[in-house]
Amino acid sequence: MKRTHHCAQLTTADLGKTASLAGWVDSIRDHGGIIFVDLRDRQGITQVKFDPQDDADVGARAAQLKPESVIGVTGRVVRRPEGTVNPNLPTGEVEVDATTLEIHNLSETSPFPLDDEGGDRVNEDLRLTYRYLDLRRPKMRRNLEVRHRTTKAVRDYFDALGFIDVETPILFKSTPEGAREYLVPSRIHPGEFYALSQSPQQFKQILMVAGVERYYQMARCFRDEDLRADRQMEFTQIDVEVSFIDREGIYTLFEGMLKKIWKDILDVDLPVPFPRLAFQEAMNRFGVDKPDTRFGLELVDFTEMFKKSAFKVFASAAAGGGAVKALNARGLADLTQSELTSLEEAARSLGAKGLAFIKVEGGEWKSPIVKFFSDAEKAALTQRLGIADGDIIFFAAAPWEKACAILGRIRLECAALLQKRGKLAIPANQWNFLWVVDFPLMTFDEETKRFVATHHPFTAPVPEDIPLLDAEPQKVRGQHYDVVLNGMEIGGGSIRIHQPALQEKVFKDVLKIPADVVESRFGYLLRAFKYGAPPHGGIAFGFDRLVALLRGTTSIRDVIAFPKTQKAQDLMTQSPAPVTAKQLRDLHIQTVQPA
RNA sequence: GGGGUGGUAGCUCAGUUGGUUAGAGCGUCUGCCUGUCACGCAGAAGGUCGCGAGUUCGAGUCUCGUCCAUCCCGCCA
């Protein structure tokens, strides 16, 4: 039996036709005589009627059906009797009066409900074990469809602009700086290993040297780090690199890409250009380099004012080169003791010694520290923070970046608490895109007492800062940019270094990587640059996160067909799993039992 | 590596101060039912309370350990 229609197709325009449908039994309503089956395929649902008075055999076999069985039916498309139309179905005015029933497969009872509401409540491990059932749920099917359509929007966009999709190796060589890698033993070279590519970064730069000019790829990447709701061990990036482009060119290009995606998928017109925020300003105002600008609660700087304060904790931080920051959590004075404690813990986890606060209730400032403040200081706080009854003010006094980060975290926690109370609305359908720019090229790593690349070592410095590279590398800004949406980093990239001498200088003089290590790890790249490397830059977007945002879910597992659990296991296939002794021998691998 | 939450019927959950035979809804099964659409009605079956120790006359409940899921910190150039 061949399908003539799909299950969202038949309408009153098809009355009298003979139609053949195939799909899964969504639900069965057996009235003892007449039996209704909702037949479901990828497109939708059509009601099929089995009447034993018309055909006793078909009726009897229909009575044996179970939900999720796969069947094919043929019958006449008839109008439903008056009063039995189902307005919730596009096909609700008609039904198929079945004359034949082919049972392809009777299904066992599903271990969990497959409707959207029921399935959402089920433990995720069960859904992952039976992923093929989970993916039958309308919501999950829609996730796969949106993912596909987003891929298509991206490919169409770049194709129209003359980009070409080039695949790069997944089996790459190990580059130990950065994320931990998955190693792949070589059978042919005993004791040597490949690494699964963390990103095509170096290959795409080489492609620029190769004259490709405009490259993109939906690139699979692998990182052996702990998993999170928004991090899987393997994930997909929209990976792009362009020759002869500057930062402004990049901004326009990717504003266009995101505009097309949001239009194609959500029919939303994103306003462009996106606002730009310097790293410094993002930290000062929001305490993070990926601010959620859908709500206020901005940080206010009081470093100057507290330099000569009687309150020694603030004064010493301010005078010692650090910063004193404050945040007015408007209307949160009613927070509970346990909420306050958990805020303090959050602050401590970021290196704060405590979390100073002022609660404003009944016109009175309730705070263990208020007695140290002069009248002038109180007046300035009131004015600059707009303090009113019912507010609570939080302070952080620490080195600048740490003070910002502490209050940045407190800001987000307070926003969540205010939202819970209905005092703050953060609209889910508001899309606050922005570019964060002017990151420091280098960050001093306290642990190793060395400078490390903030982004990666191929990022070009801002030209006018190059003279500072030797003496004050921390002051050099990089030509790096992040795309931030509603507090989430969804993409990042940079204009790259294309002069071999400068790249070598960054490796050896700034990052202090020994010459032989530079040669073994990056020698091929430096050599390539000596043969006419064009100026170039690029970006990579976290594709899974992007699709999750488009679907309004916070977990990228929902938009990946077969994701791993937080313990990096595939519950359906039961991987990872042991291998045979012969396999290990072939690979020159011996395992040791964990202690 | 660390912290939080959870694990009781196929699923989602309740289970009081440690005390009789561990309950509910949905699902499943059986019977009835010819216009339902989450059909309805009647009945039944279904439990290693994640696993292992311990305390106790007695543990779903308390203690310790452990496993799994999830959220977060560390980590993710």
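Note that the coordinates shown come from a computational prediction; the quantities given were computed from them, not determined experimentally.
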N/O contacts under 3.5 Å, protein versus nucleotides 22-24 of chain B?
none

Any N/O pairs under 3.5 Å between the protein and nucleotides 72-74 of chain B? List them or say none.
residue: B:C73; atom: OP2; partner: A:R228; partner atom: NE; Å: 3.3
residue: B:G74; atom: N7; partner: A:R228; partner atom: NH2; Å: 3.0
residue: B:G74; atom: O6; partner: A:D226; partner atom: OD2; Å: 3.4
residue: B:G74; atom: O6; partner: A:R228; partner atom: NH1; Å: 2.9
residue: B:G74; atom: O6; partner: A:R228; partner atom: NH2; Å: 3.3
residue: B:G74; atom: N1; partner: A:D226; partner atom: OD2; Å: 2.6
residue: B:G74; atom: N2; partner: A:D226; partner atom: OD2; Å: 3.4

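Remark: B:G52 base-pairs with B:C64; criterion is Watson-Crick or G-U wobble with both hydrogen-bond distances under 3.5 Å. Using the Watson-Crick or G-U wobble rule with both distances under 3.5 Å, B:C33 pairs with nothing in any strand shown. In this structure B:G47 sits in no base pair that meets the Watson-Crick or G-U test at under 3.5 Å. Here B:G74 sits opposite no nucleotide as a Watson-Crick or G-U wobble pair (both hydrogen-bonding atom distances under 3.5 Å). Partner assigned to B:G18 is none, using Watson-Crick or G-U wobble distances below 3.5 angstrom. Nucleotide B:G25 forms a Watson-Crick or G-U wobble pair with B:C11, both donor-acceptor distances falling under 3.5 Å. Using Watson-Crick or G-U wobble geometry with both donor-acceptor distances under 3.5 Å, B:A59 finds no partner in any strand shown.
Separation of the C1' atoms belonging to B:U70 and B:G52 is 24 Å when rounded to the nearest angstrom. Taking atom C1' in both B:G50 and B:G60, the straight-line distance is 12 Å, to the nearest Å. B:G46 and B:G27: their C1' atoms are spaced 11 Å apart (whole Å). Rounded to the nearest Å, the gap between the P atom of B:U12 and that of B:U17 is 26 Å. Nucleotides B:U56 and B:C73, compared at atom P, are 43 Å apart to the nearest Å. B:A14 and B:G7: their C1' atoms are spaced 15 Å apart (whole Å). Using C1' as the reference atom, B:C29 and B:C71 are 39 Å apart when rounded to the nearest Å. When the P atom is used for both B:C13 and B:G74, the distance is 30 Å, rounded to whole Å.
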Can you give one letter per nucleotide of nucleotides 28-39 of chain B, going 5' to 3': B for a protein heavy atom under 4.0 Å from the base, S for sugar-phosphate only, - for none? SS---BBBBB-B
Per-nt protein contacts along nucleotides 6-13 of chain B (heavy atom under 4.0 Å; B base, S backbone sugar-phosphate only, - none) come out as ----SSS-
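The pair A:R247-A:D438 counts as a salt bridge, with a side-chain nitrogen and a carboxylate oxygen less than 4.0 angstrom apart.
The side chain of A:R545 contributes no N or O atom lying less than 4.0 Å from OP1 or OP2 of B:C76. Between A:Q569 and the phosphate of B:A69, there is a side-chain N or O to OP1/OP2 separation shorter than 4.0 Å.
Contacts of A:T459 classified as side-chain hydrogen bond (donor to acceptor under 3.5 Å, both in side chains), with partners at least two apart in sequence or in another chain: A:S494. A:F295 is linked by a ring-ring contact (aromatic ring centres under 6.0 Å, His included) to nothing, counting only residues two or more places apart in sequence or in another chain. Annotation: ring-ring contact (aromatic ring centres under 6.0 Å, His included) contacts of A:Y215 (sequence neighbours excluded): none. The salt bridge (charged side-chain N to carboxylate O under 4.0 Å, His left out) test applied to A:D134 returns A:R127, A:R131, A:R137, not counting sequence neighbours. Partners of A:T12 under the side chain to side chain contact (heavy atoms under 4.5 Å, CB included) rule, at least two apart in sequence or in another chain, are A:L15, A:R79, A:E93, A:V94. Take A:K512 and apply the side chain to side chain contact (heavy atoms under 4.5 Å, CB included) test, not counting sequence neighbours, and it matches no residue.
Separating the CG atom of A:L133 from the P atom of B:G27 is a distance of 18 Å, rounded to the nearest angstrom. Remark: C1' of B:C76 and CD of A:Q237 are 12 Å apart, rounded to the nearest angstrom. With rounding to whole Å, A:R127 atom CZ is found 11 Å from B:U70 atom P. We find that CG of A:D125 is positioned 12 Å from P of B:C71, with the value rounded to whole Å. Per the geometry, NZ belonging to A:K567 stands 9 Å off P belonging to B:U70, to the nearest Å.
Side-chain atoms of A:T11 do not come within 3.5 Å of backbone N or O of A:P90 as any donor-acceptor pair.
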Would you be so kind as to tabulate the donor-acceptor pairs closer than 3.5 Å made by side chains of residues 49-58 of chain A, with sequence neighbours excluded?
residue: A:D51; atom: OD1; partner: A:Q53; partner atom: N; Å: 3.0
residue: A:D55; atom: OD1; partner: A:D57; partner atom: N; Å: 3.0
residue: A:D55; atom: OD1; partner: A:V58; partner atom: N; Å: 3.1

Please list every donor-acceptor pair under 3.5 Å in which a side-chain atom of residues 344-354 of chain A meets a protein atom from a residue at least two apart or in another chain.
residue: A:R348; atom: NE; partner: A:K353; partner atom: O; Å: 3.4
residue: A:S349; atom: OG; partner: A:A346; partner atom: O; Å: 2.7

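Side-chain atoms of A:E234 and A:Y182 include no donor-acceptor pair closer than 3.5 Å. Remark: the A:Q47 side chain and the A:R29 side chain contain an N/O donor-acceptor pair separated by less than 3.5 Å. Of the N and O atoms on the side chains of A:Q237 and A:S199, not one donor lies less than 3.5 Å from an acceptor on the other residue. Checking A:T175 against A:E181 by side-chain atom types alone, a donor-acceptor pair falls below 3.5 Å. Donor-acceptor pairing under 3.5 Å is recorded for the side chains of A:D38 and A:S27.
Applying the side-chain hydrogen bond (donor to acceptor under 3.5 Å, both in side chains) test between A:H536 and each of A:Q205, A:R496, A:H498 identifies A:Q205 as the sole match.
Residue A:R557 is classed as a sugar-phosphate contact, given heavy-atom separations below 4.0 Å to backbone atoms only.
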